[in-house]
Chemist: 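Here you go, one structure.
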Amino acid sequence: MSRLPRLAVVIDAGSGPGAPPPGAGTAALIALVDGGLDGIGVIAGDPSSPPVREAARTLGEFGMADRLTIVPGPLVLRTGPDGGRPFALDIPDPADVGLGLARQDAVVFVGAPPPAVPPAGDEGEPGQVSAPRSWSEEYFFAGVFHQEVEGLYRVSAEPELAAAQGRWIGEYLRGRYLLPSRPAMVSASGRSAGGPPADRAGQLRRRLYLRALTREVRRGHARAASAGYPLPVPAHRD
């Protein structure tokens, strides 16, 4: 039995030409693994395609080549009966190929996630995370923590921000950081998640975001210490 949750980072769900470059997803995964999490990276596409080769090369440089799972088609997120954990990452027709990505305790996406659907064989309505509005920025505290579904997180498509956010998620999943109260998160929802880094205004927003993130992590460390360092996501059992 592991003391920490089973974690998957979706580097690219196979969403087409608008998909983020793989650098952000690999940066987040490296930060999470360096922080002690047992994470894997998932990327959809042709193994010979440039994004897949780039992700494999980068992870190989950090001794993490075995943590990359390549799938042949676009991914869907399968939720539990109540729209939450456990999660599964699969292709739309799981009868064709077994991906071995069932029962994930936590999932990190780069930018927008793949569609969320009910568990395989469940004919009921999809869980609450399937609604497009549920993936809008207002539902994520500081652009990272889903406020309604524990275990779902997302990071920026910019590698520097994704790495910092990955470290933040890692602190949380290890019990070293505790989120603020629900009212505090709701009041802060929709604020900048770092902004585009391409221009001067975007770079300023990024610097301000990283400073605010550092301050929030310090506050969260104090909250976690006062609460006895609780693990927010239960450890998985094999």
Side-chain angles (χ1 to χ4, degrees), residues 4-15 17-45 47 49-71 75 77 89 101 104-114 135 137 140-146 151-174 176-177 192-199 202-214 216-217 220 233:
L4 295 173
R6 181 182 283 114
L7 171 74
V9 177
V10 180
I11 296 172
D12 183 354
S15 53
T26 54
L29 177 61
I30 290 165
L32 284 158
V33 173
D34 282 348
L37 273 296
D38 184 15
I40 61 168
V42 185
I43 187 167
S49 66
V52 175
R53 292 203 310 269
E54 180 182 343
R57 177 187 59 78
T58 301
L59 292 176
E61 291 174 352
F62 285 84
M64 299 181 189
D66 60 338
R67 292 183 179 272
L68 182 64
T69 297
I70 304 167
V71 299
L75 287 170
L77 170 69
L89 294 166
L101 298 174
Q104 298 296 318
D105 302 305
V107 181
V108 179
F109 299 99
V110 180
W135 290 123
E137 188 170 321
F140 289 83
F141 173 58
V144 176
F145 296 87
H146 199 291
L152 291 183
Y153 317 104
R154 72 178 189 181
V155 296
S156 169
E158 200 280 316
E160 181 181 358
L161 288 177
Q165 291 167 334
R167 288 189 291 271
W168 187 13
I169 295 168
E171 290 288 276
Y172 175 68
L173 291 175
R174 291 165 58 208
R176 291 170 45 87
Y177 167 87
S192 173
D199 56 21
Q203 291 171 5
L204 175 60
R205 287 194 296 274
R206 180 175 61 180
R207 288 197 300 270
L208 292 174
Y209 175 84
L210 289 172
R211 290 174 189 169
L213 188 155
T214 299
E216 172 54 31
V217 169
V233 177

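The figures that follow rest on heavy atoms only: side chains count, while hydrogens, waters and symmetry mates do not. Position 1 is the first residue of the sequence, and the numbers go up from there. What you see is a predicted model; the values in this text were computed from it and never measured.
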Chemist: Just so I know, are the side chains of Val107 and Tyr153 near enough to count as touching, which here means a heavy-atom distance under 4.5 Å?
Modeler: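 With C-beta onward as the side chain, the pair stays apart.
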
Chemist: Is there a donor-acceptor pair closer than 3.5 Å between any side-chain N or O of Asp105 and the backbone N or O of Arg6?
Modeler: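 Such a contact is found between Asp105 side chain and Arg6 backbone.
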
Chemist: Do Val155 and Val108 make a side-chain contact, defined as non-hydrogen atoms from C-beta onward lying under 4.5 Å apart?
Modeler: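 In short, these two side chains touch, coming nearer than 4.5 Å.
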
Chemist: Using the rule given for side chain to side chain donor-acceptor pair (under 3.5 Å), can you reason through Glu216 versus Tyr177, listing the C-alpha separation, both sets of side-chain angles and the distance that settles it, and then say yes or no?
Modeler: CA-CA 9 Å; Glu216 172 54 31; Tyr177 167 87; 2.6 Å; yes

Chemist: Are any side-chain N or O atoms of Thr214 and backbone N or O atoms of Leu210, one a donor and one an acceptor, separated by less than 3.5 Å?
Modeler: yes

Chemist: Report the distance from atom OG1 of Thr26 to atom CZ of Arg67, rounding to the nearest 0.5 Å.
Modeler: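 Rounded to the nearest 0.5 Å, the OG1-CZ separation comes out at 14.0 Å.
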
Chemist: Minimum heavy-atom separation for Ala27 and Pro159, please, with both atom names.
Modeler: CB-O, 3.7 Å

Chemist: With sequence neighbours left out, write down each residue that passes salt bridge (Lys or Arg N to Asp or Glu O under 4.0 Å) with Arg57, or none if nothing qualifies.
Modeler: Glu61

Chemist: Looking at every heavy atom in both Ile43 and Pro51, which two are closest together, and how far apart are they?
Modeler: CD1-O, 3.9 Å

Chemist: Under the side chain to side chain donor-acceptor pair (under 3.5 Å) test, which residues partner Arg167, sequence neighbours left out?
Modeler: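 Side chain to side chain donor-acceptor pair (under 3.5 Å) check on Arg167 returns nothing, list empty.
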
Chemist: Mind listing the closest non-hydrogen atom pair of Gly166 and Ala31 along with its distance?
Modeler: C-CB, 4.2 Å

Chemist: Okay, side chain of Arg174, backbone of Gly35: is any donor-acceptor separation there less than 3.5 Å?
Modeler: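 Side chain of Arg174 to backbone of Gly35, a donor-acceptor pair under 3.5 Å: yes, one is there.
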
Chemist: Quick check: closest heavy atoms across Val233 and Pro5, and the distance to 0.1 Å?
Modeler: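 Taking every non-hydrogen atom into account, CG1-CB, 3.7 Å.
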
Chemist: Do the two ring centres, one from Phe145 and one from Tyr172, sit under 6.0 Å apart?
Modeler: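 Close enough - the centres of the two rings lie under 6.0 Å apart.
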
Chemist: Taking the side chain as every heavy atom from C-beta outward, state whether Leu152 and Leu77 have any atom pair closer than 4.5 Å.
Modeler: yes

Chemist: What closest approach, in Å, do Ala55 and Pro22 show between heavy atoms, and which atom pair accounts for it?
Modeler: CB-CB, 4.1 Å

Chemist: Arg154 and Val144: side chain to side chain contact (heavy atoms under 4.5 Å, CB included), yes or no, with the steps?
Modeler: CA-CA 5 Å; Arg154 72 178 189 181; Val144 176; 5.9 Å; no

Chemist: Side-chain contact test, heavy atoms from C-beta onward, threshold under 4.5 Å: evaluate it for Leu7 versus Leu32 and give yes or no.
Modeler: yes

Chemist: Any side-chain heavy atom of Leu161 within less than 4.5 Å of one from Arg206?
Modeler: yes

Chemist: Measuring from atom CG of Leu208 to atom CG of Leu213, what distance do you get when rounded to the nearest 0.5 angstrom?
Modeler: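 Taking CG in Leu208 and CG in Leu213, the distance rounds to 12.5 Å.
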
Chemist: Testing the basics here: between Ile70 and Pro47, what is the closest heavy-atom pair and its distance to 0.1 Å?
Modeler: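 Of all heavy-atom pairs spanning Ile70 and Pro47, the closest is CG2-CG, 4.2 Å.
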
Chemist: Hey, does the side chain of Gln165 reach the backbone of Ser156 with a donor-acceptor pair shorter than 3.5 angstrom?
Modeler: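 At least one qualifying donor-acceptor pair exists.
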
Chemist: Nearest 0.5 Å, what's the CG-CD distance between Asp12 and Glu54?
Modeler: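 Going from the CG atom of Asp12 to the CD atom of Glu54 covers 11.0 Å.
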
Chemist: Would you say that Val110 contacts Ile11 through its side chain, given a criterion of any heavy-atom pair below 4.5 Å between the two side chains?
Modeler: no

Chemist: Do Leu68 and Ile40 have side chains that get closer than 4.5 Å, going by heavy atoms?
Modeler: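 Result no, sub-4.5 Å side-chain heavy-atom pair not found.
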
Chemist: Working to the nearest 0.5 Å, report the span between CD of Glu160 and CZ of Arg207.
Modeler: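 Spacing of CD (Glu160) from CZ (Arg207) equals 10.0 Å.
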
